[in-house]
Amino acid sequence: MSMKERILVTGGTGYIGSHTVVELQNAGYDVVIVDNLSNSNASVVDQIEKVTGIRPAFEKLDCLDYAGMDAMFAKYAGIKAVIHFAASKAVGESVQKPLLYYRNNLVSLINLLELMPKHGVQGIVFSSSCTVYGQPDELPVTEAAPIKKAESPYGNTKQINEEIIRDTVTSGSPIQAILLRYFNPIGAHPTALIGELPNGVPQNLIPYLTQTAIGIREKLSVFGDDYNTPDGSCIRDYINVVDLAKAHVVAIRRILEKKQAEQVEVFNIGTGRGLSVLELIHLFEESTGVKFNYQIVGRRAGDIEQVWANPERANKVLGWKAETSIEDTLRSAWKWQLKLREDGIQ
Ligand code: UFG
């Protein structure tokens, strides 16, 4: 690359966004971050710079602000593609505040799709989720599996946004799109300079687990051991966040090199391995040597019993594969939790 190609990353100071900015910079891209900091901190920009030695451009801006986004595209002329992470993502909160979720998640995408052709932006990588499959009839789940009715307004925004992108492309918009359906992202950058910073009491398994292991929480609750799985606890496909970030880099490269077979392509981003909650707990204890308290409690409303990816399409077509072992991933999550304590953050 003689001139660095410029990529916009919305939500670039968030958990997956920050890891993706690092991988984009490592791959030679010029990154502009837009984030409203509703669930992240501007200091993440400094942390990214510590990892890569390059400071990404940063604009504190809400994707709902159409005029602000228009001006941003003009200011950073020549943005070639967008990775759109910025969204509200708490499943439970979305049930309490559906309109907030529909407004934030749908209007942000609509603004981007309207502004992209105006500013000559070729393509978009969209953060979708395995939540679109609900409880799949066949496992591992492929991209051809039917979309099931969403369990929450949050999940519904992922489904609707996939449709908004498809309809926009069908209408003749000159946009390339790649929809990445993430399974369960976990872990942190091996430097422990960036990672997941949950707001308040964590809802997701790994941050709750590491906070328990370090003594912030008394014990981890395992939501159900009476599912129809080998040990009775739910099964998920836990994908290392750096591996996940790298999937975005290959998706961007595919868009810019005009390699797509279809204007909208969809890929599962997972490992292909399903792990139960109890297996994950034991793997954490074995890989880190750290023990912690947990108890079995009742099921959590809305949980899917079991889901894991068939990632072959991403493996073959994108040439991307999950590489990091679950042990290294769990150690990275623990190292990050230790770093948060060292820095007096949590
Ligand atoms: N779990 C516990 N105890 C906890 C937290 C989670 O046992 O304290 C269990 C859950 O029941 C589930 C597994 O750990 O079986 C993973 O739970 P997470 O909350 O970490 O992840 P989910 O699979 O529920 O959620 C993920 C994404 C969401 C997405 C959802 C769709 O985080 O963004 O998948 O199902 F919407």
Side-chain angles (χ1 to χ4, degrees), residues 11 14-17 39 85-95 98 101 104-105 126-136 139 141 145 147-162 180-187 196 198-213 216-241 244 268-271 274-284 292-309 326 329-330 333:
Y15 173 44
I16 307 173
N39 193 26
F85 293 106
S88 301
K89 63 162 190 177
V91 177
E93 185 188 45
S94 80
V95 177
Y101 274 67
N104 280 349
N105 294 5
F126 175 66
S127 301
S128 191
S129 166
C130 68
T131 191
V132 302
Y133 300 122
Q135 178 59 63
L139 288 167
V141 66
I147 302 301
K148 297 273 176 72
K149 186 176 162 31
E151 291 273 350
S152 69
Y154 160 78
N156 208 19
T157 67
K158 292 297 176 193
Q159 296 190 3
I160 296 170
N161 275 347
E162 286 199 2
L180 299 182
R181 292 179 180 158
Y182 313 154
F183 284 69
N184 287 54
I186 62 165
E196 185 172 13
N199 232 338
V201 182
Q203 305 300 309
N204 293 115
L205 178 60
I206 289 299
Y208 203 105
L209 187 161
T210 56
Q211 286 195 6
T212 307
I216 298 173
R217 314 273 159 210
E218 199 189 325
K219 56 173 79 146
L220 172 72
S221 294
V222 174
F223 298 136
D225 70 347
D226 57 352
Y227 285 98
N228 185 24
T229 60
D231 66 22
S233 64
C234 292
I235 295 176
R236 297 287 183 274
D237 185 332
Y238 294 93
I239 172 78
N240 177 279
V241 69
L244 172 59
N268 283 342
I269 304 297
T271 66
L275 288 172
S276 76
V277 176
L278 291 170
E279 283 177 315
L280 201 71
I281 289 172
H282 297 133
L283 280 166
F284 180 87
F292 61 92
N293 294 322
Y294 65 88
Q295 61 179 350
I296 312 289
V297 302
R299 294 182 177 194
R300 179 171 73 174
D303 264 339
I304 300 300
E305 180 173 270
Q306 43 188 329
V307 61
W308 67 94
I326 186 69
T329 301
L330 292 169

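Along the sequence shown, residues carry numbers from 1. Counting starts at 1 for both ligands and their atoms, following the listed order.
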*Does the side chain of E93 come under 3.5 Å of the side chain of Y154 through a donor N or O and an acceptor N or O?*
no

*Does a donor on one side chain and an acceptor on the other come within less than 3.5 Å for E162 and S128?*
yes

*Report, in ascending order of atom number, the atoms of ligand 1 lying under 4.0 Å from any heavy atom of Q203.*
5 (C), 19 (O)

*asked:* Which residue and atom name correspond to the protein heavy atom nearest atom 11 (O) of ligand 1, and how close is it?
replied: D303 OD2, 2.5 Å

*To which of L205, L280, L209 does the heavy atom nearest atom 6 (C) of ligand 1 belong?*
L205

_Over 12 non-hydrogen atoms of neighbours within 6.0 angstrom of CD in E218_ = no

*Which atoms of ligand 1 sit under 4.0 Å from any heavy atom of L220?*
8 (O)

*asked:* Between N204 and Y15, is there a side-chain donor-acceptor contact under 3.5 Å, judged purely by atom types and distance?
replied: no

*What distance separates H282 NE2 from D231 CG, expressed to the nearest 0.5 Å?*
8.5 Å

*For V277, counting its heavy atoms only, list the atoms of ligand 1 lying under 4.0 Å from any of them.*
7 (O), 9 (C), 13 (C), 14 (O), 15 (O)

*Residue D226 excluded, over 12 heavy atoms near CG under 6.0 Å*: yes

*Candidate with minimal heavy-atom separation from atom 29 (C) of ligand 1, of Y208, F183, Y182, Y154*: Y154

*Taking the side chain as C-beta and beyond, is there a heavy-atom pair between L220 and L205 under 4.5 Å?*
yes

_Check for me whether S221 has a heavy atom closer than 4.0 Å to any atom of ligand 1._
yes

*Quick one: does Y294 get a heavy atom under 4.0 Å from ligand 1?*
no

*Just need the protein heavy atom nearest to atom 32 (O) of ligand 1, so name the residue and atom and give the distance.*
N204 ND2, 3.0 Å

*N293 CG to R217 CZ distance, which is reported to the nearest 0.5 Å*: 14.5 Å

*Could you tell me which atoms of ligand 1, counted from 1 in the order shown, lie closer than 4.0 angstrom to a heavy atom of C234?*
15 (O)

*Taking atom 24 (O) of ligand 1 as the point of reference, which of Q135, R300, R236 owns the nearest heavy atom?*
R300

_Option set V307, N184, T212, I281, criterion heavy-atom distance to atom 22 (P) of ligand 1, minimum_ = N184

*Give me the ring orientation class for Y182 and F85: parallel if the planes are under 30° apart, tilted from 30 to 60°, perpendicular past 60°.*
tilted

*Between OG of S233 and CD1 of I281, what distance do you get to the nearest 0.5 Å?*
7.5 Å

*How far is atom 30 (C) of ligand 1 from its nearest protein heavy atom, and which residue and atom is that?*
T131 CB, 4.4 Å

*asked:* For atom 16 (C) of ligand 1, what's the nearest protein heavy-atom neighbour? Residue, atom name and distance, please.
replied: Y238 OH, 3.6 Å

*asked:* Suppose I only count heavy atoms of V222 and a 4.0 Å limit; which atoms of ligand 1 are within that range?
replied: 7 (O)

*Please report which non-hydrogen protein atom sits nearest to atom 4 (C) of ligand 1, along with the residue it belongs to and the distance in Å to one decimal place.*
F223 CE1, 3.3 Å

*Report, in ascending order of atom number, the atoms of ligand 1 lying under 4.0 Å from any heavy atom of V91.*
36 (F)

